[in-house]
**Student:** 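Take this structure, written in structure tokens, and hold onto it; I'll ask about it next.
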Amino acid sequence: MKLLLNAAKIVNKATIYKSPVRYLSFVADSGLKAEGDDPLIVGSSRALLQRLGSQVEVRTAFITEEEEGDLLRELEPGLKKKRYEFDHWDDAIHGYRETERETWGAACQTILSRVRSVFATGSSLLGPVHILDLDKTGYIKPHIDSVKFCGSTITGLSLLSDSVMRLVKEDAPSEWLDLLLPRRSLYILRDQARYNFTHEILKDEESLFNGQRVPRQRRISVICRNLPA
Ligand code: OGA
Ligand code: MN
């Protein structure tokens, strides 16, 4: 799965933090948030949130604690055999180990088919599911997944830890969205959000959402992608 990141672009983050105003918004169309809940997505402007609202989603409690346990029991033995990689300065990911999985036990199959049902009908999914295990000190630098290997939609289940995902417009770094990814949530990036914005997972020291600290623990993500059309 390294291939996905070979074409990744590392962008200069310096400008991201200069934005003086943080507008708040609920995810307009997720239908899953109760009135008065804290927002899961904040961004550099209301206009951007409105424009991108339908292309970025965070679905909280997408899996239960029990289902998280099912996934961990299936994934841990393989992951434990690998060592975290830290020192490749040119890698888009720091402090990680990863694997892919094609076939799953019964409990996990049910979870994976729920994830797959999020994709547009008729879109073909990349066969193997990508598993990325980030150490507590690990993080993902800004990048765009290779358009050669991956289509219009990326979904990720977050296990073991809350985290913050940042999207930054590739050709206009003052335009950004921050997504709070609670443990056991599913995020979905589609279309422009996937093609025209870099995405990254913040390191523990920088892990703030809307001014609130979001401590980062070890985090495993289960990532499904569709194929290019
Ligand atoms: C990736 C990536 C995000 C995640 O592997 O390309 O962006 O949720 N992962 O782990
Ligand atoms: Mn990516």
Side-chain angles (χ1 to χ4, degrees), residues 1-11 13 40-41 55-60 62-63 68 71-72 75 79 82 84-86 88 90-101 111-112 115 118 125-170 176-204 206-207 209 214 216-228:
M1 198 47 70
K2 284 257 181 57
L3 277 179
L4 281 174
L5 292 164
N6 281 347
K9 300 193 174 110
I10 308 298
V11 298
K13 289 205 287 188
L40 296 167
I41 304 181
Q55 299 168 34
V56 182
E57 266 184 70
V58 180
R59 300 192 186 179
T60 54
F62 192 82
I63 56 171
E68 182 185 42
L71 287 165
L72 291 170
L75 295 173
L79 288 170
K82 308 192 173 208
Y84 287 109
E85 301 189 34
F86 286 96
H88 307 287
D90 58 339
D91 260 359
I93 314 181
H94 180 88
Y96 72 104
R97 50 193 182 184
E98 66 185 339
T99 186
E100 291 179 341
R101 202 167 191 93
I111 303 167
L112 267 297
V115 174
V118 158
L125 299 204
L126 209 72
V129 175
H130 179 196
I131 313 300
L132 186 66
D133 177 351
L134 280 184
D135 178 72
K136 179 177 165 51
T137 61
Y139 56 95
I140 306 179
K141 298 173 198 171
H143 69 278
I144 295 175
D145 288 15
S146 165
V147 295
K148 265 197 215 154
F149 303 102
C150 167
S152 62
T153 307
I154 303 169
T155 69
L157 267 178
S158 300
L159 314 182
L160 295 176
S161 179
D162 299 341
S163 58
V164 179
M165 176 177 272
R166 175 163 295 154
L167 305 190
V168 178
K169 187 138 193 274
E170 199 189 7
W176 56 267
L177 297 180
D178 279 355
L179 282 56
L180 177 62
L181 305 180
R183 181 176 182 180
R184 294 188 292 276
S185 67
L186 180 81
Y187 67 81
I188 308 166
L189 305 180
R190 294 188 176 93
D191 305 325
Q192 279 188 56
R194 173 264 182 273
Y195 290 116
N196 303 335
F197 286 71
T198 60
H199 56 272
E200 62 192 293
I201 295 285
L202 303 185
K203 61 174 84 163
D204 185 47
E206 295 170 4
S207 190
F209 178 78
V214 179
R216 258 285 319 285
Q217 315 296 331
R218 176 186 174 207
R219 169 184 184 269
I220 297 178
S221 50
V222 177
I223 305 161
C224 292
R225 300 172 167 99
N226 60 1
L227 290 165

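Whatever order the structure lists them in is the order used to number ligands and atoms, beginning at 1. Positions are given from 1 along the sequence.
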**Student:** Please confirm whether Glu98 approaches ligand 1 to less than 4.0 Å, judged on its heavy atoms.
**Tutor:**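 No.
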**Student:** Suppose we only allow N, O or S atoms; which atom of His199 ends up nearest to the Mn ion (ligand 2)?
**Tutor:**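 Going by distance to the Mn ion (ligand 2), the closest N, O or S atom in His199 is NE2.
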**Student:** With a 4.0 Å cut-off, would you call Asp145 and Arg194 a salt bridge?
**Tutor:**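 No, no charged N to carboxylate O under 4.0 Å.
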**Student:** For the residue pair Ser207 / Arg216, report whether a side-chain donor-acceptor contact shorter than 3.5 Å exists.
**Tutor:**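 Side chains of Arg216 and Ser207: no pair found under 3.5 Å.
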**Student:** Might you work through the side chain to side chain contact (heavy atoms under 4.5 Å, CB included) test for Val214 and Leu202, ending with a clear yes or no?
**Tutor:** CA-CA 10 Å; Val214 179; Leu202 303 185; over 6 Å; no
**Student:** Relative to the heavy atoms of Tyr187, which atoms of ligand 1 are at a distance of less than 4.0 Å?
**Tutor:**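 Answer for ligand 1: 3 (C), 4 (C), 8 (O).
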**Student:** If you round to the nearest 0.5 Å, how far is CD1 of Ile93 from CG of Leu132?
**Tutor:**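 One finds 4.5 Å between CG of Leu132 and CD1 of Ile93.
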**Student:** Measuring from atom CD of Glu200 to atom NE2 of His143, what distance do you get when rounded to the nearest 0.5 angstrom?
**Tutor:**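 Rounded to the nearest 0.5 Å, the CD-NE2 separation comes out at 9.5 Å.
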**Student:** Quick one: look at Ile154 and ligand 1, take heavy-atom pairs under 4.0 Å, and tell me if it's side chain, backbone, both or neither.
**Tutor:**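 The answer is neither; Ile154 stays 4.0 Å or more away.
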**Student:** Mark up the atoms of ligand 1 that fall under 4.0 Å of a heavy atom belonging to His130, in ascending order.
**Tutor:**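 Within the 4.0 Å cut-off of His130, ligand 1 contributes 5 (O).
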**Student:** For the Mn ion (ligand 2), find the closest N/O/S atom belonging to Asp145 and write down its atom name.
**Tutor:**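 Of all N, O or S atoms belonging to Asp145, OD1 is the one nearest the Mn ion (ligand 2).
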**Student:** Take every heavy atom of Arg225, measure it against each atom of ligand 1, and state whether any distance is under 4.0 Å.
**Tutor:**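 Distance cut 4.0 Å: Arg225 passes for ligand 1.
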**Student:** Any atoms of ligand 1 less than 4.0 Å from a non-hydrogen atom of Asp145? List them with their elements.
**Tutor:**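 What qualifies from ligand 1 is 6 (O).
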**Student:** Report the distance from atom CG of Leu180 to atom CG of Leu40, rounding to the nearest 0.5 Å.
**Tutor:**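 Atom-to-atom, Leu180:CG and Leu40:CG are 5.5 Å apart.
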**Student:** Val222 versus Val115: any side-chain heavy-atom pair under 4.5 Å?
**Tutor:**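 Not in contact.
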**Student:** Under 4.0 Å from a heavy atom of Ser221: give me the atoms of ligand 1 that qualify, with their elements.
**Tutor:**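 Listed by number with element, the hits are 4 (C), 8 (O), 10 (O).
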**Student:** Is it true that His143 lies under 4.0 Å from ligand 1, counting heavy atoms only?
**Tutor:**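 Yes, that is the case, since the closest heavy atom of the residue is under 4.0 Å from the ligand.
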**Student:** Does Gly156 have a non-hydrogen atom less than 4.0 Å from ligand 1?
**Tutor:**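 Not so, Gly156 does not reach ligand 1.
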**Student:** Is any side-chain heavy atom of Arg59 closer than 4.5 Å to one of Val118?
**Tutor:**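 Val118 vs Arg59: side chains touch.
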**Student:** Checking contacts here: is it the side chain or the backbone of Leu134 that comes within 4.0 Å of ligand 1, counting heavy atoms only? Could be both or neither.
**Tutor:**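 The answer is neither.
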**Student:** Say you draw a straight line from CD1 of Ile154 to CZ of Arg190; how long is it, rounded to the nearest 0.5 Å?
**Tutor:**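 Atom-to-atom, Ile154:CD1 and Arg190:CZ are 11.5 Å apart.
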**Student:** For atom 9 (N) of ligand 1, state which one of Ile223, Thr155, Ile144 supplies the nearest heavy atom.
**Tutor:**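 Looking at heavy atoms only, the winner is Ile223.
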